[in-house]
S.K.: 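Shown below is the structure under consideration.
Proteins come first, then strands; the chains are lettered A, B, ... in the order of their sequence lines, and each starts at number 1. Scope of the values below: all heavy atoms of this structure, side chains included, with no hydrogens, waters or symmetry mates. On a predicted model such as this, the values are computed, not experimentally measured, just so you know.
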Protein chains: 2
Amino acid sequence: MRVLVVDDDKLICASVKLILESNKDIEVVGTANSGQQAIELYKKFKPDILLMDIRMDKMSGLEAGENILKVYKDAKILYLTTFADDEYIIKAFKIGAHGYILKQDFECIIPSLRAVYIGQYVFGQDIVSKIPALINSEEKKNLSKLGINDKESDIISLVAEGLNNKEISEKLFLSEGTVRNYISGILEKLDLRDRTQLAVFYFKNK
Amino acid sequence: MRVLVVDDDKLICASVKLILESNKDIEVVGTANSGQQAIELYKKFKPDILLMDIRMDKMSGLEAGENILKVYKDAKILYLTTFADDEYIIKAFKIGAHGYILKQDFECIIPSLRAVYIGQYVFGQDIVSKIPALINSEEKKNLSKLGINDKESDIISLVAEGLNNKEISEKLFLSEGTVRNYISGILEKLDLRDRTQLAVFYFKNK
DNA sequence: AGCAATATATTACATTTGTCATGCAAAGTG
DNA sequence: CACTTTGCATGACAAATGTAATATATTGCT
């Protein structure tokens with residue numbers, strides 16, 4: 001397994017290199033101290049895995065990774081960094097990194113590398129625990145299940161377009177009072193307080 | 001490493017058991033064929049890792065996992081399943097599973113197990129590639145162009161959470177009247193009529 | 001210092017909204 | 001048939017909302 005190590009802190013580069021090379025099936029083909037250099041060395045060595053820090057002086061590891069992955073679509077990049085910043089995590093997923101682990105879990109580096117080597121994607125606890133909050137989990141509540149019928153559904157849609165009761169009543173050929181009654185019932189069923197919350201509900205569940 | 005294997009297909013259970021036990025540091029402490037049984041055996045054996053299918057007859061693996069994780073918060077569950085269904089993936093992340101890999105990548109089972117054993121989280125290609133689409137990448141629309149300032153922005157967000165004027169005033173330490181004034185101004189600037197339309201606007205422009 | 005702009009508040013008022021009790025006719029159901 | 005249910009309507013009412021005019025204190029500019 002041939003690995004390229006990138007970190008703007010040379011001490012870390014050296015330490016990681018030591019750790020990796022204590023395994024005889026792992027070879028550190030080079031170390032780079034900047035995103036720019038990472039790209040150059042990647043082209044030169046075509047390592048199996050690029051083990052890279054994110055925060056670096058000039059070009060961030062994410063930027064460098066993005067560049068490399070554009071050209072070498074099967075490049076495997078494992079980010080080894082200090083922070084589990086939301087933006088970083090999202091970006092890492094977006095560019096298609098093979099993993100994101102934290103430096104403090106340094107004993108995880110080797111097993112993670114091996115998993116990545118065979119094509120899996122590896123993430124540390126602090127990373128994964130943040131994902132749910134980043135996901136549109138929007139468990140689409142099944143309206144029919146909540147006892148919302150067709151007419152009520154129609155009204156919900158219209159409320160969610162920003163129509164007032166009068167406009168809704170005209171669209172549906174109902175009296176305004178009836179529309180109010182319907183909405184009142186819908187709010188009760190969905191345990192909401194007013195039409196604005198209903199509109200919010202609509203967008204979050206649709 | 002003590003592993004509990006769960007799959008409603010007994011043949012798969014047996015195969016996986018064989019594969020695992022070809023490694024002498026891995027012990028299969030039991031096999032279960034349903035979510036219910038998985039919970040029972042988990043309690044009984046407290047395995048290091050629960051390697052489980054998702055789709056099963058009675059209780060899904062996700063449900064079983066949720067139950068187990070409620071009680072044993074440091075349980076490590078690695079899902080081994082056939083499909084990379086969005087709902088499954090989201091749910092797996094939510095309950096805090098330690099991994100989600102596909103059966104077709106069966107050669108990844110062992111290395112994945114090892115990574116999970118030391119606390120990492122492992123996912124297969126097909127899983128990870130779906131995550132970006134599931135993430136709220138919140139490209140913040142530039143309201144400042146429309147003459148909306150920071151405070152107004154705050155208020156808009158709160159309206160779009162369904163808060164009423166009183167609640168907003170309490171959150172922002174303003175009087176209710178002031179909040180009304182702000183909203184009145186916002187509505188004018190955005191050419192909207194009421195707070196519901198404002199909430200709609202918010203969701204459509206975010 | 002003088003003056004305009006800004007942020008906040010207050011008040012009054014009209015309108016919209018949500019709730020509730022009730023009415024009533026058509027459609028089902030025993 | 002008598003009955004319940006369903007769908008729609010009405011009126012009364014309180015609360016929330018939106019508008020407008022005005023006030024005040026602070027800030028910033030000249």
Side-chain angles (χ1 to χ4, degrees), chain A residues 137-206, chain B residues 136 138-206:
Chain A
S137 72
E138 320 290 312
E139 329 172 346
K140 292 171 195 167
K141 284 185 190 160
N142 197 347
L143 290 182
S144 58
K145 218 167 191 177
L146 292 164
I148 299 294
N149 61 35
D150 288 354
K151 180 135 283 182
E152 287 172 328
S153 256
D154 290 347
I155 290 181
I156 293 174
S157 305
L158 296 175
V159 167
E161 283 175 29
L163 303 202
N164 64 22
N165 293 330
K166 183 132 192 299
E167 289 163 339
I168 295 174
S169 76
E170 281 161 6
K171 275 223 171 190
L172 300 183
F173 305 104
L174 297 172
S175 81
E176 190 189 328
T178 301
V179 173
R180 293 224 288 259
N181 290 336
Y182 271 114
I183 290 181
S184 196
I186 292 168
L187 295 179
E188 165 109 17
K189 281 181 189 171
L190 300 181
D191 194 26
L192 301 172
R193 186 212 295 147
D194 55 45
R195 69 202 295 105
T196 305
Q197 292 193 340
L198 179 56
V200 172
F201 172 91
Y202 176 87
F203 283 104
K204 291 205 166 157
N205 294 278
K206 179 71 176 89
Chain B
N136 287 320
E138 298 284 326
E139 297 174 17
K140 292 165 194 167
K141 188 129 193 180
N142 209 353
L143 290 174
S144 57
K145 279 180 201 157
L146 295 161
I148 298 295
N149 61 36
D150 289 355
K151 180 133 278 175
E152 288 172 330
S153 236
D154 291 347
I155 290 180
I156 293 174
S157 304
L158 296 175
V159 167
E161 282 174 31
L163 304 202
N164 63 23
N165 293 329
K166 182 132 190 300
E167 290 163 337
I168 294 174
S169 75
E170 282 160 5
K171 273 223 172 188
L172 300 183
F173 304 104
L174 297 173
S175 81
E176 191 189 331
T178 301
V179 172
R180 291 222 290 260
N181 290 338
Y182 270 114
I183 290 181
S184 196
I186 292 168
L187 295 178
E188 166 118 24
K189 281 182 188 172
L190 301 180
D191 195 25
L192 302 171
R193 187 210 295 145
D194 56 43
R195 69 201 298 102
T196 306
Q197 292 193 341
L198 179 55
V200 172
F201 173 90
Y202 176 87
F203 283 103
K204 291 203 168 156
N205 291 278
K206 119 187 146 108

S.K.: Restricting to pairs with a member in residues 154-163 of chain A, which pass side-chain hydrogen bond (donor to acceptor under 3.5 Å, both in side chains), not counting sequence neighbours?
M.R.: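 For residues 154-163 of chain A: none.
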S.K.: Atom CG of B/Leu192 and atom P of D/dT17: how far apart are they, to the nearest Å?
M.R.: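 Going from CG in B/Leu192 over to P in D/dT17 covers 16 Å.
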S.K.: Apply side chain to side chain contact (heavy atoms under 4.5 Å, CB included) to B/Asp194 and list each qualifying residue two or more places apart in sequence or on a separate chain.
M.R.: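 Residues passing side chain to side chain contact (heavy atoms under 4.5 Å, CB included) with B/Asp194: B/Thr196, B/Gln197.
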S.K.: Over how many whole Å does the gap from A/Ile186 atom CD1 to C/dT19 atom C1' extend?
M.R.: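 In whole Å, C/dT19 C1' and A/Ile186 CD1 are 14 Å from each other.
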S.K.: Which angle, rounded to 10°, do you find between the first-five-pair axis and the last-five-pair axis of the helix from C/dA1-D/dT30 to C/dG30-D/dC1?
M.R.: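 Here the local axes at opposite ends form an angle of 30°.
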S.K.: So which atom in B/Lys171 and which in B/Leu158 form the shortest heavy-atom distance, rounded to 0.1 Å?
M.R.: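 Between these two residues, the closest heavy atoms are CD-CD2, 4.1 Å.
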S.K.: Mind checking what makes side chain to side chain contact (heavy atoms under 4.5 Å, CB included) contact with B/Val200, not counting sequence neighbours?
M.R.: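 Here the qualifying residues are A/Ala199, A/Phe203, B/Lys204.
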S.K.: Please identify each residue that fulfils side chain to side chain contact (heavy atoms under 4.5 Å, CB included) with A/Glu176, with sequence neighbours left out.
M.R.: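 A/Asn165, A/Lys166, A/Ser169, A/Arg180.
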S.K.: Test your reading of the model: is there a side-chain donor-acceptor pair from B/Arg195 to the backbone of B/Leu163, 3.5 Å cut-off?
M.R.: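 Yes, because the side chain of B/Arg195 sits within donor-acceptor range (under 3.5 Å) of the backbone of B/Leu163.
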S.K.: To the nearest 0.5 angstrom, please state how far the CD1 atom of B/Ile168 sits from the OH atom of B/Tyr182.
M.R.: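 If I round to the nearest 0.5 Å, the distance is 12.5 Å.
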S.K.: Using modelled atom types only, decide if a donor and an acceptor are shared between the side chain of A/Glu170 and the backbone of A/Glu167 within a distance under 3.5 Å.
M.R.: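 No, the answer is negative, given that no donor and acceptor are paired below the 3.5 Å cut-off.
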S.K.: Within the 4.0 Å limit for protein heavy atoms, which parts of nucleotides 7-18 of chain C are touched? Write it as a string from 5' to 3', B for base, S for sugar-phosphate only, - for none.
M.R.: SSBB-B----BB
